[in-house]
Amino acid sequence: MRFTAFLIKYAEIAIKGKNRPIFEDALVKQIRRALKNVDGSFHVYKTQGRMHVDTEGEFDYDGAVAALRKVFGITTICPVLVLSDEGFDALKENVVDYMIGTHGDGEHSFKVNARRARKNFPVESMEINARVGEAILSAMPGMHVDVREPEIMLHIEIREKIYVYSISIPGAGGMPVGTGGKAMLLLSGGIDSPVAGYRIAKRGVMLNAVYFHAPPYTSERARQKVEDLARIVSEYAGEIWLHVVNFTEIQKYIYEKCPHDELTIIMRRYMMRIAERIALETDCLGLVTGESIGQVASQTMQSLVATNEVCTTLPVFRPLIAFDKQEIVETSKAIGSYETSILPFEDCCTIWVAKHPVTKPSVKVIRRHEENLREKIDEMVERAVTERDVVKI
Ligand code: ATP
Ligand code: MG
């Protein structure tokens with residue numbers, strides 16, 4: 001079957017009243033972005049309450065579907081057979097061929113739903129329904145009509161051209177990226193943070209990302225892996241500015257001056273502080289982490305209190321907070337980040353971690369131990385922020 005157009009359906013954004021054009025324009029923009037790297041020539045536009053993608057000449061059908069499935073805001077993608085108007089009999093024949101080509105396997109119930117938007121077409125909608133339905137029944141013995149709950153809803157729209165569709169490919173859901181402001185994702189090389197970024201982007205939020213590395217203790221390949229993960233997330237979230245912060249001297253200084261069982265927590269507090277600073281500089285409205293209650297020592301409720309405390313201005317979004325590791329892994333496989341996440345390059349937290357890190361840190365105690373850093377930490381943080389690398393993904 002040669003589909004040459006797509007009808008794009010969206011749900012949540014349709015109910016946003018006066019904001020609706022903003023949402024629709026964001027969706028058009030995201031669809032165009034997603035199709036930019038697909039072979040073919042695509043024309044994306046909106047009409048009343050829906051979105052269309054027309055194609056011209058040859059195009060990569062599978063690539064286009066795969067790209068559209070990554071666009072947040074889309075609920076359903078319908079591949080469309082576009083016919084020129086050559087009269088009713090030709091239409092009937094073409095539709096029967098279409099049905100054999102797409103639903104020729106086994107038994108199905110169906111209903112024809114014709115809509116004559118162009119009134120000079122000689123046959124009325126109801127009559128199209130009846131006559132096309134009959135033709136399908138006589139050509140396809142496995143078919144029967146069910147007007148109330150058909151498995152296959154066969155749409156025939158008579159406009160300038162004739163649009164025939166019956167296949168619904170599920171879209172990614174969510175809201176179009178760009179409708180929800182911007183947030184700073186703390187992106188490590190692990191499984192969780194790319195999934196956290198994906199989740200927030202799904203609510204329409206654009207992402208920036210920050211990665212803390214500790215050369216030479218963490219390798220260039222670990223950094224490359226984070227860039228690769230950012231690229232995978234950006235297939236959904238659009239362009240991401242990745243801020244790469246050199247964390248080595250801060251990490252070493254903490255190691256020197258603070259109890260080793262508190263190292264991870266204090267490090268995490270400095271990551272949050274630095275991330276918040278960069279976030280505020282880049283107009284982000286929140287931080288995003290991949291934390292989940294109880295997953296590791298630094299993610300107990302008590303540890304989360306300690307990490308959270310240093311963010312003074314922005315909210316910290318933790319979309320995975322109540323998910324099991326297995327559930328996170330499933331999402332990470334579904335979005336395509338898992339294989340990259342499990343590559344064995346160390347991230348900066350794993351190098352100096354204590355054998356028995358505190359699981360119930362007291363904020364008071366932590367603050368007191370951070371006092372040991374008084375002499376140099378401010379200038380180190382300053383340096384880390386100002387000397388960061390920024391990469392456009
Ligand atoms: P992940 O799989 O996302 O690495 P994790 O289970 O390894 O998470 P932690 O190492 O405790 O958990 O990190 C918790 C969160 O802190 C991460 O999800 C991420 O958002 C952030 N984070 C940790 N290390 C880094 C880093 N080197 N750079 C940026 N963010 C980080
Ligand atoms: Mg990690």
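Residue indices begin at 1 and follow the sequence shown. Start at 1 and go down the list; that is how both ligands and their atoms are numbered.
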In residues 77-87, what donor-acceptor pairs under 3.5 Å come from side-chain atoms, sequence neighbours left out?
{"from": "D85", "atom 1": "OD1", "to": "G87", "atom 2": "N", "distance (Å)": "2.9"}
{"from": "D85", "atom 1": "OD2", "to": "R118", "atom 2": "NH2", "distance (Å)": "2.9"}

*For ligand 1, is there an N or O atom under 3.5 Å from any N or O atom of L186?*
yes
_Nitrogen or oxygen atoms of I191 and ligand 1 under 3.5 Å apart_ = yes
_Numbered atoms of ligand 1 (with element) below 4.0 Å of Q295, judged on heavy atoms_ = 6 (O)
*Answer yes when E256 and K376 have at least one side-chain N-carboxylate O distance shorter than 4.0 Å, and no when they do not.*
no
*Quick one: which of S188, S292, G197, A196 has a heavy atom closest to atom 1 (P) of ligand 1?*
S188
*Salt-bridged, E330 to K333, with N to O below 4.0 Å?*
no
*Of all the heavy atoms in H213, does at least one lie under 4.0 Å from an atom in ligand 1?*
no
*Which residue from R318, E291, Q299 reaches closest to atom 12 (O) of ligand 1 through any of its heavy atoms?*
Q299
*asked:* Need the ligand 1 atom indices (1-based, order shown) with element for anything under 4.0 Å from a heavy-atom of G290.
replied: 17 (C), 18 (O), 20 (O)
_Using a 4.0 Å cut-off to any heavy atom of D192, which atoms of ligand 1 qualify?_
1 (P), 2 (O), 3 (O), 5 (P), 6 (O), 8 (O)
*Of all the atoms in ligand 1, which lie at a distance below 4.0 Å from a heavy atom belonging to S193?*
1 (P), 3 (O), 18 (O), 19 (C), 20 (O)
*Just which atoms of ligand 1 are under 4.0 Å from any heavy atom in L187?*
28 (N), 29 (C), 30 (N)
_I'd like to check which ligand 1 atoms, numbered from 1 as shown, lie under 4.0 Å from a non-hydrogen atom of G190._
1 (P), 2 (O), 4 (O)
*Mind checking whether P194 has an N or O less than 3.5 Å away from an N or O of ligand 1?*
no
_Heavy-atom side-chain contact between V385 and V245 under 4.5 Å_ = no
*asked:* Regarding D228 and R231, does a basic nitrogen lie under 4.0 Å from an acidic carboxylate oxygen?
replied: yes
*Hey, can you tell me if F88 and F121 have their rings parallel, tilted or perpendicular (30° and 60° cut-offs)?*
perpendicular
*So is T289 polar-close to ligand 1, meaning N/O to N/O under 3.5 Å?*
no
*Under the salt bridge (Lys or Arg N to Asp or Glu O under 4.0 Å) rule, what do R131 and E127 come out as? Steps first, then yes or no, please.*
CA-CA 6 Å; R131 288 169 64 185; E127 202 182 332; 2.8 Å; yes
*Side chain, backbone, both or neither: T264 near ligand 1, heavy atoms under 4.0 Å*: neither
_If the threshold is 4.0 Å, N to carboxylate O, is there a salt bridge linking E157 and R50?_
yes
_Hydrophobic cluster membership, Y163 vs M51, 4.5 Å side-chain cutoff_ = no
*Show which atoms of ligand 1 fall inside a sub-4.0 Å distance from at least one heavy-atom site of V210.*
29 (C)
_Suppose I only count heavy atoms of R268 and a 4.0 Å limit; which atoms of ligand 1 are within that range?_
14 (C), 15 (C), 16 (O), 21 (C), 22 (N), 23 (C)
*With a 4.0 Å cut-off, would you call R223 and D389 a salt bridge?*
yes
